[in-house]
Each structure stands twice: as C-alpha cells, then as structure tokens.
Amino acid sequence: MAPGAAAQFDTAALQARQALQGKAGPMALVRNAKVFGIACFACLGGLLYGYNQGVFSGVLAMNNFNKHMGVWTKNQTNKGWLTSILELGAWVGTIYSGFLAEIFSRKYAILMNTGVFIIGVIIQATASTSAGHSAILGGRFITGMGVGSLSMIVPMYNAECAPPEVRGALVGLQQLAITTGIMFSFWIDYGTNYIGGTGDSQVEAAWLVPLCLQLAPALALAIGILFMPFSPRWLEHHGREAEARKTLASLRGLPQDHELIELEYAEIKAQSLFEKRTIAEHFPHLADGSSWSVVKLQFVACASLFKSKPMLRRVALATITMFFQQWTGINAILYYAPQIFAGLGLTGNTISLLATGVVGIVMWLATFPAVMYVDKLGRKPILVSGAIGMGVCHLIVAGIMASFQHDWPHHVGAGWAAVVMVWIFVIFFGYSWGPCAWIIIAEIWPISQRPYGIALGASSNWMNNFIVGQVTPDMFTGITYGTFILFGLLIMMGAAFIYFFFPETKGLSLEEMDVLFGSVGVAAADAERMREINREVGLDQAVRSSSITHGMNEKPILDEKEGRRSSE
C-alpha cells in the first residue's frame with residue numbers, strides 16, 4: 001500500500017461515497033475504464049519484474065551461453081552470483097524507491113527506473129563481446145535496481161489513482177502482471193533455445209534474444225508514462241491542489257464540482273494533512289518537506305519501529321514471514337528450474353525447458369484463487385495449508401531423488417513423479433505464500449507507521465531472495481536431495497510460526513490490530529487525529545450533504561459519464 005493510502009476511519013464518509021459511486025465488482029471496472037487502462041499500462045513494470053525474474057533460468061541452461069561464460073557457469077558459486085546479483089540490485093532499488101517517488105512524483109519515478117532498467121538490459125547485451133560475465137553481473141545488478149523500485153512504485157501509483165471500489169483489484173493487477181511475465185519468459189526461453197540448434201551449433205542469438213526482448217515493454221512504459229497523469233494524492237501533498245482536483249475529476253470522468261469528486265478530494269486532502277501532522281509530531285526535525293528530510297525520514301522512521309515491544313513484535317512478524325516466504329524455495333525453482341528438472345532425470349535441455357514452461361502456467365493460474373478467497377477464508381488457514389502442502393511436496397521430491405538419482409534411465413516414471421510434485425508445489429505457493437505474505441506486511445501496521453513497516457518487510461524479502469539465489473547452485477551440487485529436505489523443513493517451520501505466533505487479521509479494524517499486538521491507543525490516536533482533520537477540511541459537512549444519496553443506485557453516475565463521453 002502506498003504511503004498515505006490509509007484505511008478510512010469515518011464510516012459515514014465511506015458509506016456516502018459508496019452510495020454515490022455504485023457497487024464494486026466487474027461493472028465498477030467498466031465505469032472506471034480510464035483508470036483500469038492506466039493501471040494495466042503501469043503494470044508493465046510488474047511484467048518487467050516477472051520476465052526478468054524468470055528469463056535467466058532458461059538462459060543458464062542454454063548450450064551457447066555456457067560456452068560463452070566458461071567458468072562462470074561451470075562453477076556453482078559463480079553461477080549463483082550471476083543469478084542472485086539481480087536480487088541484490090532489487091534490494092537497493094526498494095531502499096530508494098520511497099523517497100524517489102515522494103520527491104519526483106510516482107510518474108517520474110516510474111520513468112527514471114524504467115531508464116535504469118533499460119541501461120541494465122543494454123549492458124547485459126554486451127555480454128556477447130569479451131565483456132562476458134562482467135556485463136551480465138553489472139547489467140543484472142542495474143536491471144535489478146530498476147525492477148525492485150518499480151515493484152514498489154507501480155502498486156503505489158495504481159492505488160492512488162484508483163477509486164476505492166476497484167482499488168484492490170487494480171493493485172492486485174501487479175501480482176498478476178508479475179506471474180504473467182514469468183510465464184512469458186519461460187516459454188520464450190523454450191522457443192529461442194532452438195535458434196541455431198540445441199547443441200554445439202546453437203548461436204548467441206538463442207540467449208541474446210530473450211534478454212533483449214525486455215527492451216520492448218520497457219520502452220513502451222518509458223514513452224507511455226509521459227502521457228499518464230500524476231497521482232492526485234501526490235499533487236495534493238505537494239501543494240498543487242487545483243491540479244489534484246482537476247486530475248481526480250478527469251480520472252473519474254466527472255465534472256470537478258460533482259458531489260463524488262468533492263467527497264473523494266476531501267478525503268485525499270485529509271489523508272495528506274494526516275501524514276504531514278504525524279511526521280511533525282513524531283519527527284519534527286524532518287517536517288520541513290525538503291528533499292534531504294524526505295530521504296532521512298525513511299531511515300529514521302524505520303529505526304523508530306524497533307524502540308517499543310509492540311512495534312518490535314510487528315517488525316518480527318513482517319520480516320520473519322518474508323524470510324519463510326523466500327525459504328519456501330520458490331525462487332530456487334524459478335531461477336534454476338531447468339537445472340532442477342535435469343537433476344530429476346529429464347533428459348535433454350529442451351525437455352527441461354518445456355517442464356519449466358509448465359511451472360509458469362500453473363503459477364499464473366494459482367494466483368486467481370487467492371484473490372477470490374483470502375478475505376473469506378482468512379490469512380492463517382491459507383498460509384498454514386500452503387506451507388504444509390509445499391513442505392510435503394519438497395519431502396516427497398527428496399525421497400524420490402534419494403532413491404533413484406543414480407539410476408534415472410531405469411526409473412523414468414519416478415523422475416516424472418518428482419517433476420509433477422514440483423508443479424504441485426508451485427500451485428501451493430501461488431495461492432498462499434505468494435500473495436498472502438504481502439497482505440500480512442501491509443495490514444498489520446497502524447496507518448502512521450505503515451509505509452515504513454512495509455519497507456522493512458520488503459527489505460527482508462529481497463535480501464533473503466538474494467541469499468537463496470546465491471546458495472542454491474552450491475546446495476544442489478553439494479547436498480543434492482538434501483536441498484529439498486532443507487526447504488521442506490524450513491517451510492514446515494514457517495507453518496508452525498504462522499500457527500502459533502500469527503494472530504488472524506481477517507476483517508479486523510486498526511484499533512483491533514492494536515489490541516492483538518499490545519499497542520492499544522496508537523490506532524485510536526491516529527483515528528482521533530483523522531477525525532479532527534476531517535472536520536477541518538469539511539469532510540464531515542460533505543458527508544452530511546451527501547446523506548440523502550444513501551441507497552442511490554449506480555445508474556445516475558453511469559449515465560452522467562456516458563453523457564460526457566458523447567458530448568466530447
């Protein structure tokens with residue numbers, strides 16, 4: 001969730017706006033087609049992240065790439081560096097993404113990071129020269145900085161442009177875009193592996209094409225974002241009130257003086273004032289709004305979360321959850337899938353890449369149930385069941401490998417059984433720890449600490465992502481099937497951690513979160529400050545004047561939008 005994208009404390013304001021805007025659901029996306037289109041376009045950033053995350057696994061398996069890189073793919077530690085350097089760059093990108101988006105706007109931060117991404121891809125393309133592994137290392141680190149920052153800023157931009165009734169769906173597009181990018185990358189690798197043949201006749205284009213194809217969506221995003229609007233919330237926060245109101249009205253397809261625009265704009269203004277006054281209260285020396293203060297605020301505010309036991313408990317929950325998410329082994333599968341499938345007895349590089357392509361499909365399909373049922377079933381049962389399922393899959397694979405790894409030609413069925421268990425593992429991850437871990441780190445914080453709490457959780461995610469990518473090749477070489485035992489035991493520990501230490505947060509208010517975590521009064525103080533601001537900006541008056549609209553159906557606004565389109 002973006003900084004300042006707060007939960008609404010005023011139930012009456014929420015009800016009044018819902019009465020005006022109509023019901024959520026598919027028709028809400030139709031009514032807000034402009035915002036939906038903008039969100040889909042911005043999610044090219046997520047597509048870049050997913051594609052970049054998945055493409056290198058196939059490249060690592062290609063004959064010509066291994067010949068060109070020499071010792072850097074024969075030595076397992078070096079191979080780990082070639083892969084994991086992207087995650088180290090992404091960790092750096094998440095650190096600067098918050099203040100970059102606040103200082104230069106979400107729109108221009110997306111443009112800047114797309115530029116960083118493009119530079120990284122160009123450097124990687126020079127790996128076909130004598131630069132070799134140096135170009136891959138440098139290019140993937142720089143590319144990682146771009147995708148890491150985009151993975152934080154794009155959901156922020158979508159959340160702040162979207163109307164409340166479709167915000168969850170539009171922010172969720174990011175996860176779908178990531179899995180789509182992973183799926184595309186696996187199948188593109190499978191196709192380009194045939195360029196020049198799959199053996200010694202294979203040419204450099206086999207691995208250069210999938211790497212360079214990243215430039216197409218990146219260039220489209222870089223050019224297109226110039227024509228996208230600024231975030232209304234960012235405009236308001238930086239004193240550009242008239243432009244914020246005009247942009248909001250344009251996004252909603254309504255006149256600036258429409259009742260719904262008045263109400264939503266008042267909420268945006270109230271949220272902006274809330275953030276400024278919270279900073280002034282807790283960090284008065286950083287409340288001047290200067291660029292340097294914005295930079296320092298992120299680090300000072302994160303450090304403040306370690307100073308009280310209730311907040312430290314939330315920090316532990318967020319960071320440890322992200323630790324277990326990465327040590328499920330999901331990115332070991334995504335980064336080294338062809339190598340893993342070859343180790344399970346699949347003969348031929350082409351067959352391994354084909355099996356890898358199936359991973360992309362099943363992971364993409366598995367993301368849909370989580371979106372539909374997480375709020376109904378709750379976070380805890382989904383996480384625990386997913387962890388147990390993944391752990392069982394890992395242990396079964398380990399058992400099959402231990403029994404047959406020295407004689408795969410005579411046990412082809414056992415090898416395919418292990419492959420199927422890897423596919424099932426991906427399904428368990430896709431509906432559980434993939435999306436739900438991010439939900440947890442977003443919702444357990446009081447509004448005043450949420451941006452910094454999310455930053456800590458994301459930092460843990462990327463750092464553990466880097467470590468997994470680095471050590472996996474050596475683990476597969478050194479302990480073979482023990483790798484799956486390790487991942488299986490760790491995620492079983494993750495299931496126990498969630499079961500015993502995570503309090504279910506489904507449907508709880510922020511005040512109820514405070515009771516759970518022992519920091520009673522923090523969210524209540526936030527709520528009182530927000531109520532005072534609501535009165536100050538006239539939100540209470542707007543709610544009262546909108547009270548007659550309770551129960552209104554959505555047709556009048558839909559008709560008004562259609563009338564405006566026809567007149568234009």
Side-chain angles (χ1 to χ4, degrees), residues 1-9 91-106 109 149 152-153 156 159-160 231 233-241 244 267-319 441-460 510-511 513-514 517-534 536-537:
M1 182 175 288
Q8 303 304 309
F9 295 114
W91 179 74
V92 173
T94 59
I95 290 176
Y96 69 69
S97 61
F99 53 78
L100 190 74
E102 192 59 44
I103 295 171
F104 296 103
S105 80
R106 288 67 164 127
S149 190
M152 300 291 288
I153 297 172
M156 181 189 302
E160 294 179 2
S231 155
R233 184 262 169 202
W234 183 85
L235 290 170
E236 174 64 31
H237 201 65
H238 288 262
R240 296 160 65 172
E241 297 184 5
E267 289 183 293
I268 291 174
K269 186 173 183 177
Q271 291 170 10
S272 176
L273 284 173
F274 174 86
E275 183 176 327
K276 290 177 179 178
R277 291 183 185 177
T278 299
I279 292 172
E281 179 179 335
H282 295 291
F283 312 103
H285 59 297
L286 300 175
D288 58 6
S290 66
S291 296
W292 183 233
S293 292
V294 171
V295 172
K296 290 193 293 184
L297 176 65
Q298 178 171 321
F299 300 99
V300 173
C302 284
S304 70
L305 298 179
F306 292 83
K307 295 180 179 179
S308 71
K309 187 175 180 180
M311 286 302 165
L312 187 59
R313 184 184 173 195
R314 301 189 203 210
V315 169
L317 181 61
T319 54
I441 72 165
E443 69 182 3
I444 62 175
W445 305 97
I447 177 178
S448 53
Q449 278 91 22
R450 180 171 293 155
Y452 317 112
I454 293 175
L456 283 174
S459 179
S460 172
L510 294 179
E511 289 84 354
M513 291 279 192
D514 274 358
F517 291 101
S519 54
V520 177
V522 176
D526 287 348
E528 180 56 34
R529 182 181 297 115
M530 182 64 87
R531 280 191 289 267
E532 292 177 0
I533 292 172
N534 286 347
E536 180 180 330
V537 302

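Throughout, residue positions are numbered sequentially from 1 according to the sequence presented. Hydrogens, waters and symmetry mates are skipped; everything else that's a heavy atom, side chains included, is used.
Residues passing the salt bridge (Lys or Arg N to Asp or Glu O under 4.0 Å) test with Glu241: none are found, sequence neighbours excluded. For Ser459, the side chain to side chain contact (heavy atoms under 4.5 Å, CB included) criterion is met by Trp91, not counting sequence neighbours.
Glu102 and His238 share a donor-acceptor pair across their side chains, judged by distance under 3.5 Å alone.
Looking only at distances, no side-chain donor or acceptor of Ser272 sits under 3.5 Å from a matching main-chain atom of Lys269.
Across Ile153 and Ala109, no two heavy atoms sit closer than the pair CD1-CB, 3.6 Å. When every heavy atom of Phe104 is checked against every heavy atom of Trp234, the shortest pair comes out as C-CZ2, 4.0 Å. Here the closest heavy-atom approach between residue Leu273 and residue Val537 is recorded as CD1-CG1, 3.5 Å. Shown here for Ile444 and Leu317, the closest heavy-atom pair between the two residues is CD1-CD2, 4.1 Å. Considering all non-hydrogen atoms of both residues, Thr94 and Gln298 come closest at O-NE2, 4.3 Å. When every heavy atom of Ala280 is checked against every heavy atom of Ala287, the shortest pair comes out as CA-CB, 3.8 Å.
Exactly one residue among Val294, Val295, Asp288 makes a side-chain contact (heavy atoms from CB on, under 4.5 Å) with Trp292. That residue is Val295.
For the atom pair OG1 (Thr278) and CD1 (Ile533), the distance works out to 7.0 Å, reported to the nearest 0.5 Å. Ile95 contributes atom CD1, which lies 6.0 Å from atom CZ of Phe299 (distance to the nearest 0.5 angstrom). Taking NE2 of His237 as the reference point, atom OG of Ser105 lies at 13.5 Å (rounded to 0.5 Å). Note that the CD1 atom of Ile279 and the CG atom of Leu286 stand 8.5 Å from one another [nearest 0.5 Å]. Separation of atoms CE (Met311) and CG (Leu456) is listed at 12.0 Å; rounding is to 0.5 Å. From Arg233, atom CZ reaches atom CD of Glu275 across 4.5 Å, with rounding to the nearest 0.5 Å.
Ion pair Arg277/Glu532 not flagged as a salt bridge, since none of the NZ, NE, NH1 or NH2 atoms sits closer than 4.0 Å to an Asp/Glu carboxylate oxygen.
Between His285 and Phe283, the two ring planes are perpendicular [angle over 60°; tilted spans 30° to 60°].
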